[in-house]
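What follows is a short report on a single structure.
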Amino acid sequence: PERSGSTVHIDPLGTAAWNSVTSGYKLWVLFEPAVARKLAKGKEFVKEGEDDEAIMYFDYILPRIREANPDLRIYEVLQKPGDT
């Protein structure tokens, strides 16, 4: 569905998976392994009335993480229809 997504997470089983997009787009955000989980999740940047759903994360929380940590390497990838 439009504007759907997942909260920030680390694959708990450490699996390797293929992700394909058949329609629409998927925006990925990746942090280097040394980045603390707490920082990547950005919980300290969530303001009252917000949650950590994907749309809030990309629109509000991630920009705040970037602003507070200008030297932090954050990789964003846009996966398009047909991309695997």
Under 3.5 Å donor-acceptor pairs involving side-chain atoms of residues 15-33, not counting sequence neighbours:
unit_1 : atom_1 : unit_2 : atom_2 : d
T15    : OG1    : D11    : OD2    : 2.2
S20    : OG     : T84    : OG1    : 2.8
W28    : NE1    : Q79    : OE1    : 2.8
E32    : OE2    : R73    : NH1    : 3.3
E32    : OE2    : Y75    : OH     : 2.8

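- Annotation for A54 and S6: closest pair CB-O, 3.6 Å, computed over non-hydrogen atoms.
- Summarising the geometry, atom CD belonging to E50 is positioned 12.0 Å from atom CD1 belonging to I55; distances are rounded to the nearest 0.5 Å.
- Between R64 and E44, every side-chain heavy-atom pair lies at or beyond the 4.5 Å cut-off.
- Of the inter-residue distances, the one linking R37 atom CZ with K43 atom NZ reads 11.0 Å to the nearest 0.5 angstrom.
- Cluster annotation: F45 and L72 are assigned to the same hydrophobic cluster (Ile/Leu/Val/Met/Phe/Trp/Tyr, side-chain heavy-atom contacts under 4.5 Å, transitive).
- There is no path of hydrophobic side-chain contacts, each under 4.5 Å, that joins I74 to M56.
- Side-chain N or O atoms of D51 include one that pairs as donor or acceptor with a backbone N or O of E53 at under 3.5 Å.
- You'll find the side chain of I65 stays beyond 4.5 Å of the side chain of Y60, heavy atoms only.
- Residues V8 and Y57 have side chains in contact (heavy-atom distance under 4.5 Å, counting atoms from C-beta outward).
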